[in-house]
Amino acid sequence: MSYSNIDLEEICESLITLAYQAGNLITEKTGLTSYDDKANSVDLVTETDAAVEKLVGDQLKAKYPEFEFMGEESYVPGVTKLSEKPTFIVDPIDGTTNFIHSFPFSCISLGFSVDRKPTVGVIYNPFLNLLYTGIKGKGSYLNKERRLPLRKPLPGVPLTMKNALIGIEWGTQRSGVNYNVKSKTFTKLASEEGGMVQGFRSLGSAAMNISAVAAGQLDAYWEGGCYAWDVCAGWIILEEAGGRIVGGNPDVWHPEVDQRTYFAVRGGEGSEEFIKDFWSKIEGEMEY
């Protein structure tokens with residue numbers, strides 16, 4: 001089905017307005033709110049997550065009643081499904097642990113998909129006043145003025161394992177198959193025999209990690225265990241900056257937005273060979 005009559009720029013401006021409103025609430029409450037465990041002691045949720053999602057969801061549903069809405073806090077496993085219809089995909093606070101500790105790398109992530117494809121993205125970190133936006137076919141920007149990527153690859157220098165700065169996260173599973181795949185792969189990538197990447201960084205937020213790849217500050221970000229609301233907004237921001245998202249498991253060149261394993265890579269010379277080389281270093285297969 002075609003939705004070519006949707007004004008994506010107007011959608012983006014509406015999401016920016018909401019991001020700023022939510023940002024005020026997030027900064028007011030950081031470090032001051034109680035929290036509960038979801039799956040375990042590293043999978044956390046606060047009352048502010050729910051309040052921000054309600055603020056955003058109520059306004060989007062009132063303004064765009066014909067569009068669907070998917071939010072992390074209202075998600076029901078096995079029931080909530082992403083369809084081909086235009087859908088707002090929302091993470092009210094990405095980086096909840098950072099939010100609880102007042103570590104300034106949490107954000108609101110507001111995505112919009114059409115035909116299950118990320119089409120508009122707005123990510124706002126109110127602590128550092130970083131607003132990342134992207135619209136399909138219109139480019140992506142930092143704070144509406146600076147075109148992404150901020151840092152472009154050096155001419156004639158292809159992306160390789162040995163010159164890559166890679167974003168990683170442990171995730172919420174601290175035992176079992178996925179934990180073992182991640183921990184063994186991290187060790188291999190750091191070793192001389194396994195690639196010896198220049199370094200790892202963990203910002204504690206999928207949206208912030210993908211934004212850093214889009215900006216050219218990270219070269220890649222490998223992840224398993226995220227959901228559509230963690231990656232939808234960042235996905236289109238990265239694509240419009242010349243990068244791409246492939247599967248977090250090998251040989252998946254065209255993943256679905258709700259596939260749960262992802263590998264975000266900046267654009268530039270050598271990126272396809274870099275992806276293949278990285279995939280060859282993964283110790284097993286993640287299962288989500």
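Bear in mind that the values here come from a model prediction, so they are computed numbers and not experimental data.
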Open item on the list: To the closest 0.5 Å, what do you measure between NZ (K276) and CD (E272)?
Closed with: 5.0 Å
Open item on the list: Could you check whether any side-chain heavy atom of P118 comes within less than 4.5 Å of a side-chain heavy atom of C232, counting everything from C-beta outward?
Closed with: yes
Task: Non-hydrogen atoms of P65 and A62 that approach each other most closely - done: CD-O, 3.7 Å
TODO: Please determine, by modelled atom types, if E13 and T17 share a side-chain donor-acceptor pair under 3.5 angstrom.
DONE: no
Task: Beyond-backbone contact of F69 with E53, side-chain heavy atoms, under 4.5 angstrom - done: yes
TODO: Could you list all the ring-ring contact (aromatic ring centres under 6.0 Å, His included) pairs where at least one residue sits in residues 111-138, not counting sequence neighbours?
DONE: Y20-Y124, F67-F112, F88-F112
Open item on the list: Can you tell me if E66 has over 12 outside heavy atoms packed within less than 6.0 Å of its CD?
Closed with: yes
- [ ] Measure the spacing between CG of L18 and CG of L55 and express it to the nearest 0.5 Å.
- [x] 7.0 Å
TODO: Verify, without hydrogens or angle tests, whether E240 (side chain) and G134 (backbone) share a donor-acceptor contact under 3.5 angstrom.
DONE: no
Open item on the list: Is any side-chain heavy atom of C12 closer than 4.5 Å to one of I16?
Closed with: yes
Open item on the list: Quick check with a 6.0 Å cut-off and a 45 degree axis cone: is R146 positioned over the face of Y141's six-membered ring?
Closed with: no
Open item on the list: Tell me the closest heavy-atom pair linking G270 and P158, and the distance in Å.
Closed with: CA-CB, 4.2 Å
Open item on the list: Quick one, Y221 with E169, criterion side chain to side chain contact (heavy atoms under 4.5 Å, CB included). Give me CA distance, side-chain angles, the key distance, then yes/no.
Closed with: CA-CA 9 Å; Y221 166 49; E169 300 289 344; 4.0 Å; yes
Task: From D94 atom CG to C226 atom SG, the distance as rounded to the nearest 0.5 Å - done: 7.5 Å
- [ ] Working to the nearest 0.5 Å, report the span between CG of L60 and CD of E68.
- [x] 13.5 Å
Open item on the list: Please determine whether a side-chain nitrogen of the Lys or Arg among R116 and D258 lies less than 4.0 Å from a carboxylate oxygen of the Asp or Glu.
Closed with: yes
TODO: Verify, without hydrogens or angle tests, whether K144 (side chain) and L131 (backbone) share a donor-acceptor contact under 3.5 angstrom.
DONE: no
- [ ] Determine whether V52 and Y75 fall in the same hydrophobic cluster, where Ile, Leu, Val, Met, Phe, Trp and Tyr are linked whenever their side-chain heavy atoms lie under 4.5 Å apart.
- [x] no
Open item on the list: Hydrophobic cluster membership, with links at side-chain heavy-atom distances under 4.5 Å among I/L/V/M/F/W/Y: are I89 and L15 in one?
Closed with: no
- [ ] Take D49 and T96, measure what side chain to side chain donor-acceptor pair (under 3.5 Å) needs, and give me the verdict at the end.
- [x] CA-CA 8 Å; D49 291 82; T96 299; 3.2 Å; yes
TODO: Side-chain contact test, heavy atoms from C-beta onward, threshold under 4.5 Å: evaluate it for L130 versus S211 and give yes or no.
DONE: no
Open item on the list: If hydrophobic residues (ILVMFWY) are linked whenever their side-chain heavy atoms come closer than 4.5 Å, directly or via other members, who joins Y179 in its cluster?
Closed with: L159, M161, I166, I168, W170, V177, V181, F186, L189, V197, F200, W222, V246, W253, F263, V265, F274, I275, F278, W279, I282, M286, Y288
Open item on the list: So which atom in M70 and which in A228 form the shortest heavy-atom distance, rounded to 0.1 Å?
Closed with: SD-CB, 4.4 Å
- [ ] Begin with the C-alpha distance, continue with both residues' side-chain angles, and end with the deciding distance and a verdict on side chain to side chain donor-acceptor pair (under 3.5 Å) for E223 and N209.
- [x] CA-CA 10 Å; E223 182 60 278; N209 282 321; 5.5 Å; no
Open item on the list: Any non-hydrogen side-chain atom of P255 less than 4.5 Å from a side-chain atom of W235?
Closed with: yes
Task: Path from M208 to Y262 over hydrophobic side-chain contacts below 4.5 Å - done: no
- [ ] Please name the pair of heavy atoms, one in P126 and one in C107, separated by the smallest distance, quoted to 0.1 Å.
- [x] CD-CA, 4.4 Å
Task: ILVMFWY network linking L218 to V157, side-chain heavy atoms under 4.5 angstrom - done: no
Open item on the list: Tell me if a side-chain donor or acceptor on D219 pairs with a main-chain N or O of L165 at a distance below 3.5 Å.
Closed with: yes
- [ ] Please tell me if the side chains of P153 and E269 come closer than 4.5 Å, counting only heavy atoms from C-beta onward.
- [x] no
Open item on the list: Does this structure show an ion pair linking K117 with E84, if we count only N-O contacts that are shorter than 4.0 Å?
Closed with: no
- [ ] Check whether any side-chain heavy atom of K29 lies under 4.5 Å from a side-chain heavy atom of L25, and answer yes or no.
- [x] yes
Open item on the list: Can you tell me how far apart OG1 (T119) and NZ (K136) are? Round to the nearest 0.5 Å.
Closed with: 6.5 Å
TODO: Hey, could you give me the CD1/CD1 distance between I210 and I245, rounded to the nearest 0.5 Å?
DONE: 4.5 Å
Task: Which atom of G121 lies closest to which atom of I236, heavy atoms considered - done: N-CG2, 3.3 Å
TODO: Give the minimum heavy-atom separation between T80 and S74, together with the two atoms involved.
DONE: OG1-O, 4.2 Å
Open item on the list: Taking side-chain contact (heavy atoms from CB on, under 4.5 Å) as the criterion, tell me which of N178, N249, T261 meets it with E285.
Closed with: N249
Open item on the list: Keeping R260 on the side-chain end and Y227 on the backbone end, is there a donor-acceptor pair under 3.5 Å?
Closed with: no
Open item on the list: Quick check against the 3.5 Å criterion: does R174 have a side-chain atom that pairs as donor or acceptor with the backbone of G171?
Closed with: yes
Open item on the list: Hydrophobic cluster membership, with links at side-chain heavy-atom distances under 4.5 Å among I/L/V/M/F/W/Y: are I11 and L82 in one?
Closed with: no
- [ ] Output yes when a side-chain donor or acceptor of T30 lies under 3.5 Å from a complementary backbone atom of I26, and no otherwise.
- [x] no
- [ ] For K138, check side-chain contact (heavy atoms from CB on, under 4.5 Å) against everything at least two apart and list the hits.
- [x] E9, I135
Task: Minimum side-chain heavy-atom gap E72-P92 below 4.5 Å - done: yes
